[in-house]
Amino acid sequence: METDDEDCSVVGVSEDDVLSLEHDAAPRTNANDIAITANGRRRRKRGEDDMECSGRRKGGRAGSKIFSESVTRPKERGPDGTIDPVNTPVARVRFAPSPTGYLHIGGARTALFNWLFARQQGGEFVLRIEDTDAERSRPELIDIIFRSLEWLGLDWDGTPVHQSERGAMHLAAVEKLLANGSAYWCSCAPDEVKARAEARGGTPGYDGFCRDRALGPGDGHVVRFRVPDTGITAFDDLIRGTVSFENAVLEDFVILRSNGTPMFHLANAVDDADQGITHVIRGEDLINVTPKVLLIRKALSTPGELIFAHLPLIVNEKRQKLSKRRDDVSVGDYIDRGYLSEAMVNYLATLGWGPPDDIEIRPLAEIVDLFRITDVNKSGAFFDVKKLQHFNGEYIRNLSITQFVSKSTRWLYEDTPWETDRFDIGTFEVMAPLVQERVKLLSEVPSYVDFLFTPEPVIDDESWQKVMVKGAELADAVLDHAIAQFADCDWNAASLEAALFSYAEQHEISKGKVQAPVRVSVTGRSVGPPLFESLEVLGRDETLRRIASAKVRLQG
RNA sequence: GCCCCCAUCGUCCAGCGGCCUAGGACGCCUGCCUUUCACGCAGGUAACACGGGUUCGAAUCCCGUUGGGGGUACCA
């Protein structure tokens with residue numbers, strides 16, 4: 001089939017949004033020119049306005065604007081905007097996971113880009129569970145996938161459709177294809193197909209053996225689609241331009257299994273049509289199945305045309321597609337490690353796309369506004385956990401104390417280094433602000449406050465070695481000084497600081513060196529929250545007890 | 001093998017024929033701030049894969065090479 005390369009300009013992309021880039025900046029109108037490149041892709045031209053935007057980044061954290069207000073955005077499109085309110089159908093996209101595993105990073109990104117596109121277009125984002133393969137589908141995973149999407153904040157429209165429940169419709173389509181000659185029954189067993197392929201020279205693929213045998217249904221029979229021998233099947237991709245395949249290289253693929261269930265291509269083509277899907281946004285790993293789906297649609301006389309956008313793959317350090325098996329990519333695992341969904345979604349949005357003003361960390365509402373599917377990259381993107389962590393740290397620091405405490409809850413009560421009944425939320429709340437600005441992951445929270453809730457500090461060997469053993473002489477002297485001073489000074493951070501650092505002044509030693517032995521004695525580690533606040537919270541008796549105990553240990 | 005896709009700092013993104021002595025972010029390094037750590041601040045490091053065209057002019061357009069990835073199932 002020859003797909004007339006129709007315009008992809010049905011895609012509505014608002015180019016006249018009013019942005020408010022900083023709280024104190026007056027809203028400005030951004031009128032950007034549209035240019036259509038040779039291959040039909042819409043590109044956005046940067047105007048002077050944009051230069052002005054990027055220069056408006058001083059003050060505040062560079063590249064970060066979590067605090068900013070969400071943008072105001074007029075719903076109506078400009079006179080020469082891309083949405084024709086009368087003739088353009090509402091964009092309707094779908095995320096179609098198959099429940100063969102947890103939602104992983106790649107799936108999350110695909111869902112996100114679909115969601116971004118739908119929300120920006122004022123269209124719909126629907127879910128379809130592609131569970132036609134009963135062997136591999138695990139129903140219990142469906143709910144986990146939903147919950148992961150909810151965690152990410154990607155809300156969907158309507159009720160998710162389960163492909164497995166639409167068998168009748170798929171079968172009807174197969175009947176139709178059989179009836180109009182676009183498909184035929186085949187009795188070749190997989191190993192027969194393979195054997196013949198090897199025999200004729202190693203080129204894999206089905207040889208069309210049963211094409212004209214006029215077989216009917218039967219045990220072990222499948223239905224294959226009759227791919228045209230000539231011609232090309234092409235489609236326009238919003239990200240890649242025109243992609244075309246010669247029909248001759250496509251084999252007659254199976255559309256109905258011998259157990260009577262439909263294959264992915266068939267169900268996919270039928271359901272997209274039935275659900276009124278307008279745009280298919282998915283990973284590039286599916287680009288090769290597109291001609292098959294297109295061929296089926298044509299043979300079924302499906303009206304309308306799908307618009308595709310194949311996203312670049314997210315890859316691992318070896319530049320391979322993320323795999324559930326070898327890579328650590330389950331969204332659930334990231335939740336468990338203390339990533340904030342806002343940070344995850346924000347980071348995912350920067351994989352394959354970047355905002356025109358280079359400000360990467362920003363509220364989702366702004367990303368919805370700025371996102372252009374046509375500006376998505378073509379090449380694979382490495383999932384950089386380091387950068388994700390940086391985003392996460394930014395988001396954590398921008399939480400209110402209340403939010404921080406609340407989001408830390410599960411790390412305070414589950415699998416903690418302390419006995420639950422020794423934990424005191426009030427005590428934690430005092431320390432919270434000091435912890436919040438130091439962690440990149442919520443899972444790190446316990447290590448900053450554990451010394452307050454365990455009977456004894458958990459001694460970190462490396463810290464002990466460095467401060468107490470190698471610096472034994474100083475440590476001993478400082479500890480003696482601390483014991484003497486702390487015995488009767490006022491018990492607050494300021495007094496404690498003055499009391500301890502008087503040693504630093506007397507002996508002309510840096511404060512850093514002086515505080516170290518006390519820190520290790522009391523908290524077990526050489527790093528942690530500010531020392532004097534920590535001591536104030538711990539209390540005089542326990543502080544003195546730990547210092548004395550450390551001295552004993554130092555001796556022994 | 002065959003088909004498809006891709007190619008700018010280590011990584012992510014910007015670049016849309018002159019504004020590029022290639023910009024931002026993460027990372028890394030240096031310094032400042034500082035009771036540790038972290039934050040913050042000021043710097044630094046570092047890239048147009050290669051070869052041909054087209055053009056007055058190419059990171060940007062075209063072709064090829066090389067490299068990488070994806071697909072090649074009665075998975076999706």
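Chain naming here is simple, since letters A, B, ... match the order of the sequence lines and numbering starts at 1 in each. From a predicted model like this one, the values you see are computed outputs, not experimental measurements.
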Peer 1: Determine whether any donor atom in the side chain of Lys378(A) lies under 3.5 Å from an acceptor atom in the base of A7(B), or the reverse, and answer yes or no.
Peer 2: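 By the distance-only test, no, there is no pair.
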
Peer 1: Both Glu130(A) and Lys511(A) contact RNA chain B. Which one's nearest nucleotide lies toward the 5' end?
Peer 2: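 Closer to the 5' end of RNA chain B: Lys511(A).
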
Peer 1: Distance between the C1' atoms of U45(B) and C75(B), in whole angstroms?
Peer 2: 46 Å

Peer 1: Answer yes if the ring centres of Phe383(A) and Tyr334(A) are under 6.0 angstrom apart, and no otherwise.
Peer 2: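 For Phe383(A) and Tyr334(A), the ring centres are under 6.0 Å apart.
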
Peer 1: Check this for me: does the side-chain of Arg438(A) come within 3.5 Å of the base of U36(B) through a donor and an acceptor?
Peer 2: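 Such a pair is found, so the answer is yes.
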
Peer 1: Using the C1' atoms only, state how far C61(B) lies from C16(B), rounded to an integer number of Å.
Peer 2: 11 Å

Peer 1: Any N or O donor-acceptor pair under 3.5 Å from the base of G24(B) to the side chain of Glu360(A)?
Peer 2: yes

Peer 1: The side chain of Phe382(A) is closest to which nucleotide in this list: C3(B), A73(B), C12(B)?
Peer 2: C12(B)

Peer 1: Ring-plane angle category for Phe391(A) and Tyr347(A), please: parallel below 30°, perpendicular beyond 60°, tilted otherwise.
Peer 2: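 Ring orientation of Phe391(A) relative to Tyr347(A): perpendicular.
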
Peer 1: Using a heavy-atom cut-off of 4.0 Å across all strands, would you classify Gln163(A) as base, sugar-phosphate, or nothing?
Peer 2: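 Touches nothing.
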
Peer 1: Looking at Glu360(A) and Lys387(A), is there a salt bridge between them, counting it only when a charged N and a carboxylate O are closer than 4.0 Å?
Peer 2: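 A salt bridge links Lys387(A) with Glu360(A).
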
Peer 1: If you look at every strand shown and take non-hydrogen atoms under 4.0 Å, does Ala381(A) touch a base, only sugar-phosphate, or nothing?
Peer 2: sugar-phosphate

Peer 1: Starting from the 5' end of RNA chain B, give me the residue, Lys292(A) or Gly380(A), whose nearest nucleotide shows up first.
Peer 2: Gly380(A)

Peer 1: Under 3.5 Å, is there any donor-acceptor pair linking the side chain of Asp285(A) to the base of G71(B)?
Peer 2: no

Peer 1: Look at the side chain of Glu251(A) and the backbone N and O of Asp207(A), then say whether any donor-acceptor pair between them is shorter than 3.5 Å.
Peer 2: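 Flag not set: sc Glu251(A) to bb Asp207(A) has no pair under 3.5 Å.
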
Peer 1: I want to check one thing: is the phosphate of A76(B), taken as OP1 and OP2, less than 4.0 Å away from some side-chain N or O of Arg128(A)?
Peer 2: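 Negative; the distance criterion is not met.
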
Peer 1: Does the pair Lys292(A)/Asp252(A) count as a salt bridge with the N-to-O cut at 4.0 Å?
Peer 2: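 Salt bridge between Lys292(A) and Asp252(A), a charged N being under 4.0 Å from a carboxylate O: no.
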
Peer 1: Taking C12(B) as the reference, what is the distance to C28(B) when you measure between their C1' atoms (whole Å, please)?
Peer 2: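 These two C1' atoms come out 16 Å apart once rounded.
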
Peer 1: I need the CZ-P distance between Phe371(A) and A14(B), as an integer number of Å.
Peer 2: 11 Å

Peer 1: Give a yes/no answer on whether the side chain of Ser379(A) brings an N or O atom under 4.0 Å of OP1 or OP2 in G69(B).
Peer 2: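 Checking Ser379(A) against G69(B): no side-chain N or O falls below 4.0 Å of OP1 or OP2.
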
Peer 1: Answer with base, sugar-phosphate or nothing: what part of the nucleic acid does Thr132(A) contact at a heavy-atom distance below 4.0 Å?
Peer 2: sugar-phosphate

Peer 1: Looking only at heavy atoms, which two atoms of Thr242(A) and Ala234(A) are closest? And how far apart?
Peer 2: CG2-CB, 4.3 Å

Peer 1: For the side chain of Thr350(A), counting heavy atoms from C-beta on, which of C12(B), U35(B), A76(B) is nearest?
Peer 2: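 Ranking C12(B), U35(B), A76(B) by closest atom to the Thr350(A) side chain puts C12(B) first.
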
Peer 1: Can you figure out which of C26(B), G71(B), A73(B) approaches the side chain of Asp384(A) most closely?
Peer 2: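 Given the options C26(B), G71(B), A73(B), the side chain of Asp384(A) is closest to C26(B).
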
Peer 1: Expressed in angstrom and rounded to an integer, what is the separation of His390(A) atom NE2 from G40(B) atom C1'?
Peer 2: 11 Å

Peer 1: Which is true for Leu286(A) with a 4.0 Å heavy-atom rule: it touches a base, it touches only sugar-phosphate, or it touches nothing?
Peer 2: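 Answer is base: heavy atoms of Leu286(A) come under 4.0 Å of a base.
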
Peer 1: Scan Phe253(A) against the nucleic acid and name what it touches under 4.0 Å (heavy atoms): base, sugar-phosphate only, or nothing.
Peer 2: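 Phe253(A): no heavy atom of the nucleic acid under 4.0 Å.
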
Peer 1: Check every strand shown and say whether Gly220(A) touches a base, only sugar-phosphate, or nothing at a heavy-atom separation below 4.0 Å.
Peer 2: base

Peer 1: Counting the atoms with a prime plus P, OP1 and OP2 as sugar-phosphate, which does Phe264(A) contact under 4.0 Å by heavy atoms, base, sugar-phosphate, or nothing?
Peer 2: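 Contact class for Phe264(A): base.
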
Peer 1: Just call it for Pro529(A): base, sugar-phosphate, or nothing, with non-hydrogen atoms closer than 4.0 Å on any strand.
Peer 2: base

Peer 1: Just to be sure I understand the rule, does Leu531(A) reach a base, reach only the sugar-phosphate, or reach nothing, if contact means heavy atoms closer than 4.0 Å?
Peer 2: base

Peer 1: Test for a donor-acceptor pair under 3.5 Å between the base of C75(B) and the side chain of Arg136(A), counting only N and O atoms.
Peer 2: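 Answer yes: a donor N or O sits under 3.5 Å from an acceptor.
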
Peer 1: I want to check one thing: is the phosphate of C74(B), taken as OP1 and OP2, less than 4.0 Å away from some side-chain N or O of Arg224(A)?
Peer 2: yes

Peer 1: Regarding Val249(A), tell me which of base, sugar-phosphate or nothing describes its non-hydrogen contacts under 4.0 Å with the strands shown.
Peer 2: sugar-phosphate

Peer 1: Determine whether the side chains of Thr132(A) and His170(A) contain a donor N or O and an acceptor N or O closer than 3.5 Å.
Peer 2: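 Checked: Thr132(A)/His170(A) side chains show no N/O donor-acceptor pair below 3.5 Å.
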
Peer 1: It should be established whether Lys321(A) places a side-chain nitrogen or oxygen under 4.0 Å from OP1 or OP2 of nucleotide G71(B).
Peer 2: yes

Peer 1: What integer number of Å spans the C1' atoms of C13(B) and G67(B)?
Peer 2: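 Straight-line distance between the two C1' atoms is 22 Å.
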
Peer 1: Look at the side-chain N and O atoms of Asn377(A) and state whether any lies under 4.0 Å from the OP1 or OP2 oxygen of C13(B).
Peer 2: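 Answer is yes, contact under 4.0 Å.
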
